[in-house]
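Encoded as structure tokens, the structure appears first; notes follow it.
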Amino acid sequence: MTALEQDQEGRENTGVRIGTPAGRWILLTTVLGSSMAMLDSTVVNVALPRIGRDLDADLAALQWTVNAYMVTLAGLILLGGALGDRFGRRKVFVVGVIWFAVASLLCGIAPNAPVLIAARALQGIGGALLTPGSLALIQASFHPDDRGKAVGLWSGFGGIGAAIGPFLGGWLVDGPGWRWVFLLNVPVALLCAPIAVRHVPESKDGREHGRGFDVLGAALGALALALVTYALIEARSGTLVVAGTATVGLVAGIAFVYVERRRADPMMPLDIFASRQFTAVNVVTLCVYAAFGGFFFLTALQLQVVSGYSPLGAGTALLPITVLMLLLSARAGDLGRRIGPRIPLTVGPLLCATGMLLMLRVGTDASYVLDVLPALLVLGLGMVTLVAPLTATVLASVDASRAGLASGINNAAARAAGLVAVAALPLAAGMGAEAYRSPAAFDDAFTRAMPLCAAIVVVGGVVAFTTVRRPAPDCRRPECKTHGNVTAPPLEGAREAPLQGRGELRDQPQTPRTQGTTSKGGPGGAAPRDAHTDAG
């Protein structure tokens, strides 16, 4: 047996087993951490009317309450994964959890809308640090034979968290108040961080990383998103400041592309878009998740402002979509593998568009069973049909060594599309700054907005039909088969390439401070540096 083969065998015999106490601690930690960020992406919509009333905020402030979080999360999530690769995934994950908790506390005690918006932006930074680490910790810690099951349990429990999120948010808003939507993160973080420090092994990428992090690229990307979002939200005022902001935002976007093209080690290497299929699927992602972002933002308001639902009722009303995704996403993935992604990525958006148009029946005296539920069921079936094949096609469009990077870019694109839609859709629908205070005015704007959402998602289906082809039979397949997040597709990490020819070991976890774990060498399949975003 050669030295390389001995190294490989040694690596495959190390790693935490899923049935050990150490394995259960790791799963608990990663589920708690990822659930914090996932819940905050979904439950806040339900609380918006109460936030607006208590803080005397206009519609623009409510839009920023959602988008301030999304701007920093989408702009920095790739950088957050790179920081974990370099300095240690557990370390960066714990920093993210603590950062997220402090920002959540600031959200919960915010005396006015500007403070809340600033705190939400800080929350997004914390989310960008902890979100990539959840799945990366699983991949870097578990034995190769148990890794698939561990990822399945992680994604399943995360999906359950996503399902109860709107319900929990509505219950909190109706009960102790909307501030507890944010304050609840503090005790969760106080539980998660010590467990991670004590029971989760550290891991990092042992390779050389060139000159450093692409901080400039991350800053330019986030700045471009923030300025364009500001211009869209404030466009109704029509001032020179808005026009100037839009111009500077576009310039920042161009500068981002220039920096990424010139850097030796960019955050988002543009050559990945040389794959026509990868580019096409990201266009599909932009279309469908822009429609989803606008839909869920406006629907949570429509149900409360126009139909008279309580926050708890509105949160519960949206539950069928996530339940359908939890129950059927794995089967949809299997179907996509059998028939290819083209049909699901075409039919799914058409179903989603139908569900959005059915929401036009939801007005002042809407019946949940006759009006709301049918629309949500059709939309949910459409999302089930397209999300799993979308992720699979993204992974199949690039080399396996870049799967984590490709998934991260796709996830960031979905979040960016959602935040732009939340900024632009009220403007396109003619929704005034005080529209959410008037049931009649909001209902009129909602009636104009739903066909726009449906049209955008249909464009995504047309792009998929004309560009997506069946992937190679031996391409990379998704590991996260169960998915319940409605704001972005699941993130995937990259399996490690074979050792042969590399002559080095990577991702060697340090000894965790608990019994039942191993500490010699790496886990034998941990995510390489390309897995910049490994959790969803």
Do Thr29 and Cys192 make a side-chain contact, defined as non-hydrogen atoms from C-beta onward lying under 4.5 Å apart?
yes
Answer yes or no: is there a donor N or O on one side and an acceptor on the other, between the side chain of Asn411 and the main chain of Pro489, under 3.5 Å?
yes
Which residue is it: Val463, Leu345, Thr346, Leu390? I am looking for the one with a side chain to side chain contact (heavy atoms under 4.5 Å, CB included) to Val468.
Leu345
With rounding to the nearest 0.5 Å, note down the distance linking OG1 in Thr30 to CD1 in Ile138.
3.5 Å
Cation-pi, Phe465 ring and Arg342 (6.0 angstrom, 45 degrees):
yes
In terms of the angle between their ring planes, are His199 and Trp25 parallel, tilted or perpendicular, with boundaries placed at 30° and 60°?
parallel
How about CZ on Phe278, more than 12 heavy atoms from neighbouring residues, nucleotides or ligands closer than 6.0 Å, or not?
yes
Residue pair Val95 / Leu83, side-chain heavy-atom distance below 4.5 Å:
no
Which heavy atom of Met70 sits nearest to which heavy atom of Arg415, and what is that distance?
CE-CB, 3.5 Å
Candidate pair Phe93 and Leu137, rule side-chain contact (heavy atoms from CB on, under 4.5 Å), full reasoning
CA-CA 9 Å; Phe93 175 83; Leu137 287 173; 3.9 Å; yes
Looking at Arg469, I'd like to know if its CZ atom is crowded, meaning that more than 12 non-hydrogen atoms belonging to other residues, nucleotides or ligands lie closer than 6.0 Å.
yes
Contact between Arg24 and Thr20 at the side-chain level, heavy atoms closer than 4.5 Å - yes or no?
no
From CA spacing to verdict: side-chain contact (heavy atoms from CB on, under 4.5 Å), Met268, Asp214
CA-CA 9 Å; Met268 189 179 75; Asp214 187 10; over 6 Å; no
If I compare all heavy atoms of Ala150 with all of Leu27, which pair ends up nearest, and what's the gap?
O-CD2, 3.6 Å
Will you find, in the side chains of Arg120 and Thr65, an N or O donor that is under 3.5 Å from an N or O acceptor?
no
Take Gln123 and Leu73, measure what side-chain contact (heavy atoms from CB on, under 4.5 Å) needs, and give me the verdict at the end.
CA-CA 8 Å; Gln123 251 193 332; Leu73 177 60; over 6 Å; no
Does Thr285 reach the main-chain N or O of Ala414 with its side chain, forming a donor-acceptor pair under 3.5 Å?
no
From Leu168 atom CG to Thr316 atom OG1, the distance as rounded to the nearest 0.5 Å:
10.5 Å
I need the minimum non-hydrogen distance between Glu260 and Gly217, along with the two atoms involved.
OE2-CA, 3.5 Å
Results of side-chain contact (heavy atoms from CB on, under 4.5 Å) for Leu328 - residues two or more places apart only:
Leu324, Arg331, Leu381, Val384
Can you check whether Leu419's main-chain N or O pairs, donor with acceptor, with Asn67's side chain at less than 3.5 Å?
yes
I want to check something: taking the side chain as every heavy atom from C-beta on, are Pro201 and Arg90 in contact at a cut-off of under 4.5 Å?
no
Rounded at 0.5 Å granularity, tell me how far OG in Ser134 sits from CG in Leu32.
9.5 Å
My understanding is that only residues two or more places apart in sequence, or in another chain, count here; which of them pass side-chain contact (heavy atoms from CB on, under 4.5 Å) with Leu286?
Ala413, Ala417
Hey, could you give me the CG/CG distance between Leu153 and Leu28, rounded to the nearest 0.5 Å?
12.5 Å
Looking at Arg470 and Ile339, would you say the former's side chain and the latter's main chain have a donor-acceptor pair under 3.5 Å?
yes
Could you state the interatomic distance from CG (Leu220) to CG (Leu225), rounded to the nearest 0.5 Å?
11.0 Å
Between the main-chain N or O of Val398 and the side-chain N or O of Ser275, is there a donor-acceptor pair closer than 3.5 Å?
no
Atom of Cys453, atom of Ala291 and distance for their closest heavy-atom approach
O-CB, 3.4 Å
For Ile18, does its backbone N or O pair with a side-chain atom of Asp146 as donor and acceptor, under 3.5 Å?
yes
Working to the nearest 0.5 Å, report the span between CG of Asn282 and OG1 of Thr393.
11.0 Å
Contact between Phe295 and Leu379 at the side-chain level, heavy atoms closer than 4.5 Å - yes or no?
yes
Any Met36 side-chain heavy atom under 4.5 Å of Ser104 side chain
no
Centres of the Tyr289 and Phe292 rings: under 6.0 Å?
yes
For the residue pair Phe142 and Val151, establish whether any side-chain heavy-atom pair is separated by less than 4.5 Å.
no
What are the two closest non-hydrogen atoms of Arg402 and Pro269, and how far apart are they?
NH2-CG, 3.2 Å
Do you know the tightest heavy-atom contact between Gly382 and Cys352?
C-SG, 3.5 Å
Check: Ser407 and Leu395 side chains under 4.5 Å, non-hydrogen atoms:
yes
Is there a side-chain contact (heavy atoms from CB on, under 4.5 Å) between Leu48 and Phe297? Walk through the geometry before answering.
CA-CA 9 Å; Leu48 290 176; Phe297 174 73; 3.4 Å; yes
